[in-house]
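Just below is one structure, and these are the notes that go with it.
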Amino acid sequence: MAETTRGVNEGQQRYNPAEIEPKWQARWDADASLYAAESHDAGKPKFYCLEMLPYPSGQLHMGHVRNYAIGDALARFMWMRGYNVLHPMGWDAFGLPAENAALKNNTPPAEWTLANIAAMRKQMRRMGLSYDWETEVTTCLPDYYRWNQWLFLKMYEKGLAYRKKSKVNWCPECATVLANEQVIDGRCWRHDDTLVEQRDLTQWFLRITQYADELLSGLEKLEGWPEKVRTMQRNWIGRSEGTEVTFAIDGCPDGSKVTVFTTRVDTIFGATSVQLAPEHPLVRHWASFDEKLAPAVEEMLAQQKAAREAGDLGAIEKHGVDTGRFAVNPYNGELVPVWVANYILADYGTGAIMSVPAHDARDFEFAAKYGLPVKRVVAANVDGEGLELPYLGEDEGVLIDSGAWTGESCLEAQEKMAAFAQTNGFGSKTVTYRLKDWGVSRQRYWGTPIPMVYCERGHAGVEAGGVVPLPESALPVLLPEQVEITQQGGSPLGRVEGFVNTTCPVCGGPARRETDTMDTFVDSSWYFYRYTDAKNSTAPFDSAKANYWFPIDQYIGGVEHAILHLIYSRFWTKVMRDLGLIHNDEPAARLFTQGMVIKDGAKMSKSKGNVVSPDLMIERYGADATRMYALFAAPPDRDLEWQEEGVAGISRFLAKVYRLTTKYAEVAGKGSGKSGGGADLLRTLHQTIAKVTQDFSGRWHFNTSIASIMILVNEIAANEAAMDSGEVPALAIGEVFRGLVRMLAPFAPFVSAELWELLGGGGAVFRTAWPAADEELARESEMEIPVQSNGKLVTVVRVAAGSDEAVIKAAALADEKVVARLEGKTVVKVIVVPGKLVNLVVR
RNA sequence: GCCCGGAUGGUGAAAUCGGCAGACACAGCGGACUUAAAAUCCGCAGACCGUAAAAGGUCGUGGGGGUUCAAGUCCCCCUCCGGGCACCA
């Protein structure tokens with residue numbers, strides 16, 4: 001900032017954040033206890049305020065600044081309200097970017113990552129964020145990831161971690177497998193121009209599906225979570241109740257059967273074909289000897305592959321091939337043709353369906369294309385009257401032409417027909433999910449080593465090459481430091497002889513270590529528990545500590561984690577609860593997802609060239625103005641358009657606060673009181689306190705909190721003459737400035753600390769009590785009542801506060817503008833809403 | 001296609017329970033101070049009609065309908081924008 005030559009007025013100084021902020025930052029850095037949480041057994045009400053931990057890319061961006069400005073304001077407010085606050089920060093430090101950086105710069109991932117962490121920690125301190133650095137968690141350090149390994153072993157013991165060969169998502173760019181949650185529209189979540197391939201690999205999985213029902217039903221209780229996130233998780237879990245029905249294949253010498261999954265077993269009398277996925281085992285079996293079927297199936301699979309590569313799986317045209325075989329409908333013995341169809345998903349339900357064209361839109365379309373019969377079995381009433389097909393009729397439908405079930409309602413028939421299948425041994429009610437088990441193996445270096453070995457020779461109970469879990473005493477399995485990172489396939493750890501070759505912990509024979517590492521989402525699934533006991537070297541954390549702090553009272557982060565981190569961490573919480581480590585069912589009682597920071601109408605990104613650097617903003621306007629602008633420019637749940645002029649505006653506002661406070665610091669420092677004049681100023685002060693307090697406890701619309709503080713400051717400025725003359729007494733001045741500075745503390749901590757000291761406040765301003773709104777002082781003596789005629793404003797009358805209906809009505813009718821307006825008209829009705837308005841209904 | 005959000009001045013927004021639409025800012029314009037500029041301070045500012053200037057009037061919260069003394073807010077229909085899900089049987 002340019003130096004001005006203007007001399008300062010007596011007792012007031014120019015606001016200079018470049019001087020104030022580093023001074024306070026140094027003081028805060030020197031005092032580790034300042035933001036430290038108190039012990040879990042201090043007997044105080046607790047508040048766990050958490051922002052999502054960042055990936056240490058090396059640079060904070062505006063999204064971080066916004067996220068942390070919200071959390072920091074809340075944490076400071078809760079301290080001032082007397083809570084024991086835990087406000088920690090850490091680093092999601094494993095992951096591919098470190099390996100890419102290693103390739104590019106020839107720096108070891110650990111070195112690169114730790115340097116980035118140091119740089120970002122410095123930026124956070126520069127922002128004046130109130131983190132308790134004593135509880136810092138860095139996921140790439142052995143004291144953290146050993147507990148990933150420990151928990152993985154516990155899950156293995158419980159059968160929740162297992163190995164299987166299956167089709168997995170492979171990103172050629174990352175050169176590793178991805179979880180289903182990390183594939184978006186067939187593309188990698190980190191490389192949206194890279195198509196994910198399907199590969200058959202043996203991988204480690206976590207049995208998240210075991211908790212599918214609880215993950216779903218738990219959403220109902222998460223009232224403090226945005227409805228949007230709950231809906232997204234509900235969709236992702238994709239629970240579907242239905243019935244499995246087994247059809248025998250007609251005339252098949254080997255007794256083959258096919259089981260279909262349907263949610264509408266009531267319509268089974270209308271089934272006119274059975275449709276199988278091309279990958280279905282029965283199809284493979286038939287294709288192995290059926291020369292006509294084999295090429296058709298091959299073609300179908302090839303087409304699917306091509307469509308997937310074009311990234312356009314949804315647009316593929318539905319088509320099918322008749323296998324020439326028939327299946328027997330077990331309800332009525334009817335023979336229906338068996339087809340192979342390209343739209344049947346192999347990994348959903350049983351990979352086979354019954355096709356009921358009359359009552360399913362997609363089956364209807366398919367039947368029309370291939371001339372399959374359409375057989376109506378549901379109508380709106382028993383007479384089967386005129387409804388166009390396909391007719392779904394779930395709630396109001398009645399079965400027709402359905403044997404013993406004719407005349408039943410669809411819903412009743414579903415129950416009875418499923419029971420019938422069960423009794424007769426050809427089916428049962430069942431539930432399927434879209435959610436699949438979580439594949440956690442990654443063929444990468446920079447992650448947590450999976451604590452498993454493969455015993456080469458085998459021993460009792462373990463075949464040669466079989467899995468042997470390491471004992472707890474072998475933890476941590478350290479990630480070797482000298483590893484060559486290359487782009488060639490396979491896990492880089494597989495090329496480290498000293499790592500791979502080991503001995504079997506059971507038989508002592510030669511063994512090979514697992515060379516895959518864990519998905520980094522494992523790290524972030526439970527990091528927030530570690531904050532409660534970050535230095536524990538004998539357990540992931542002490543249960544008593546975790547039980548005191550959990551659930552997180554407020555979790556704040558971006559909505560982009562709605563079905564990744566936020567579903568994994570809910571799962572992990574339930575697992576740890578079942579392991580007896582914690583009591584809570586859910587990690588966070590309340591979740592807040594803040595809006596994006598945009599510039600020129602688009603999300604900030606390097607490719608668009610619209611990135612605004614937080615460092616630059618701090619340099620130009622200071623950290624206080626930068627973070628306060630992030631809270632002022634929009635309510636926190638909405639997108640925020642970054643306008644530098646707005647930051648300058650906040651900076652001017654803070655300069656005004658600074659000028660006024662320094663000018664009156666001496667007189668204000670003499671004490672504070674509530675009587676003897678200055679009523680107007682005190683009224684505004686207490687109205688502002690009420691408003692800001694309300695915003696904190698409710699909607700977090702800090703934009704309006706800050707606006708009301710600006711009104712207070714404008715009012716103070718308007719009272720300068722009265723303050724100078726002594727018309728406003730010193731005690732009132734003290735009250736006003738002490739209130740103002742404390743209200744500013746959650747939003748602009750640096751300048752608040754500086755001004756609090758000048759006021760002789762003593763102690764850290766954000767550890768003093770939040771000012772209390774005095775209703776008496778806040779009350780207006782007069783109120784303005786708008787007077788309307790037929791809903792249109794005529795005038796505003798002033799009456800004494802608390803006037804009753806009769807007084808307000810009389811005042812309204814006596815007003816000269818009202819009298820003029822009523823000339824020659826009849827008042828039909830007078831509506832008086834005390835304290836609000838008067839509306840005259842006239843004719 | 002289905003499910004969530006959203007649309008208010010030149011701009012960001014406010015109006016929290018159906019009760020003065022546009023608080024508070026940004027940008028703009030006019031003025032004071034200054035040799036000048038910056039900074040600061042004061043004032044103006046939804047649109048249209050009207051007036052010498054006023055006064056005054058009309059319209060106005062994406063569009064159309066409705067409920068009500070009163071609608072940005074509630075109900076019905078529609079448009080556009082953002083996000084999520086999507087061959088899920």
Side-chain angles (χ1 to χ4, degrees), chain A residues 1-2 4-6 14 184-185 226-236 238-240 242-243 260-264 275 277 313-318 341-345 347-356 360-363 365-366 432-434 559-560 562-563 595-596 598 601 603 629 632-635 637-650 652-653 655-656 659 691 694-695 698-699 701 703-711 713-714 717 720 784-796 828-833 835-842:
Chain A
M1 249 180 241
T4 62
T5 51
R6 181 179 59 89
R14 195 170 57 87
I184 295 148
D185 287 335
E227 189 50 46
K228 180 182 177 158
V229 172
R230 295 201 277 167
T231 305
M232 283 166 76
Q233 292 208 357
R234 231 173 258 130
N235 291 341
W236 184 259
R239 185 180 198 271
S240 176
T243 309
V260 304
F261 173 74
T262 177
T263 54
R264 293 297 304 277
Q275 308 275 351
L313 210 52
I316 194 167
E317 205 195 328
K318 291 177 186 45
N342 66 344
Y343 66 92
I344 306 301
L345 303 174
D347 57 1
Y348 183 78
T350 59
I353 64 154
M354 64 176 197
S355 177
V356 184
D360 180 279
R362 196 189 48 203
D363 292 349
E365 188 194 324
F366 190 84
T432 59
Y433 299 91
R434 210 181 88 100
V559 75
E560 65 273 16
I563 48 180
M596 286 188 301
I598 57 178
K603 188 177 178 177
Y629 173 74
F632 177 68
D637 48 340
R638 273 211 235 174
D639 285 352
L640 182 155
E641 166 81 30
W642 195 269
Q643 289 177 316
E644 191 169 336
E645 295 84 358
V647 190
I650 294 289
R652 281 198 291 272
F653 165 72
K656 193 168 172 181
R659 179 184 72 78
K691 167 70 183 158
Q694 192 192 6
D695 278 337
R699 309 183 306 166
H701 280 203
N703 52 332
T704 59
S705 314
I706 294 168
S708 67
I709 296 173
M710 287 171 169
I711 293 171
V713 172
N714 290 344
E720 268 192 88
E784 293 188 337
I785 302 290
V787 182
Q788 299 179 329
S789 158
N790 290 342
K792 283 185 185 169
L793 185 70
V794 177
T795 188
V796 175
V828 182
K829 198 175 173 187
V830 181
I831 302 199
V832 180
V833 185
K836 289 276 188 187
L837 94 170
V838 176
N839 191 12
L840 307 166
V841 187
V842 300

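Please read these numbers as outputs of a predicted model, since none were measured by experiment.
- The listed nucleotides are B/G19, B/C26, B/A89; the one nearest the side chain of A/R652 is B/C26.
- Going from the P atom of B/C78 to that of B/C3 covers 12 Å, rounded to whole Å.
- Side-chain contact check for A/L840 versus A/N790: every heavy-atom pair is 4.5 Å or farther apart.
- A/Q233 places no side-chain N or O within donor-acceptor distance of the main-chain N or O of A/I563, the cut-off being under 3.5 Å.
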Under the side chain to side chain donor-acceptor pair (under 3.5 Å) criterion, do A/N839 and A/K829 qualify, and how do the steps go? CA-CA 8 Å; A/N839 191 12; A/K829 198 175 173 187; over 6 Å; no
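- Taking atom C1' on both nucleotides, B/G46 is separated from B/G9 by 5 Å, rounded to a whole Å.
- The base of B/C69 is paired with the side chain of A/N839 by a donor and an acceptor separated by under 3.5 Å.
- Looking at A/Y629, its side chain never comes within 3.5 Å of a backbone N or O of A/E644 through a donor-acceptor pair.
- Remark: the backbone N or O of A/G595 is not paired with any side-chain donor or acceptor of A/D639 at under 3.5 angstrom.
- The base of B/A89 sits within donor-acceptor range of the side chain of A/R362, with an N or O pair under 3.5 Å.
- Evaluation of the side chain to side chain contact (heavy atoms under 4.5 Å, CB included) rule for A/R434 yields A/W236 as partners, not counting sequence neighbours.
- Of all nucleotides listed (B/C88, B/A21, B/C4), B/C88 comes nearest to the side chain of A/Y348.
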Can you give me the N/O atom pairs linking the protein to nucleotides 10-14 of chain B at distances under 3.5 Å, or say none if there are none?
| from | atom 1 | to | atom 2 | distance (Å) |
| --- | --- | --- | --- | --- |
| B/U11 | O2' | A/Q643 | NE2 | 3.2 |
| B/G12 | O2' | A/A633 | O | 2.4 |
| B/A13 | O3' | A/N703 | ND2 | 3.3 |
| B/A14 | OP1 | A/N703 | ND2 | 2.9 |
| B/A14 | OP2 | A/R638 | NH2 | 2.9 |

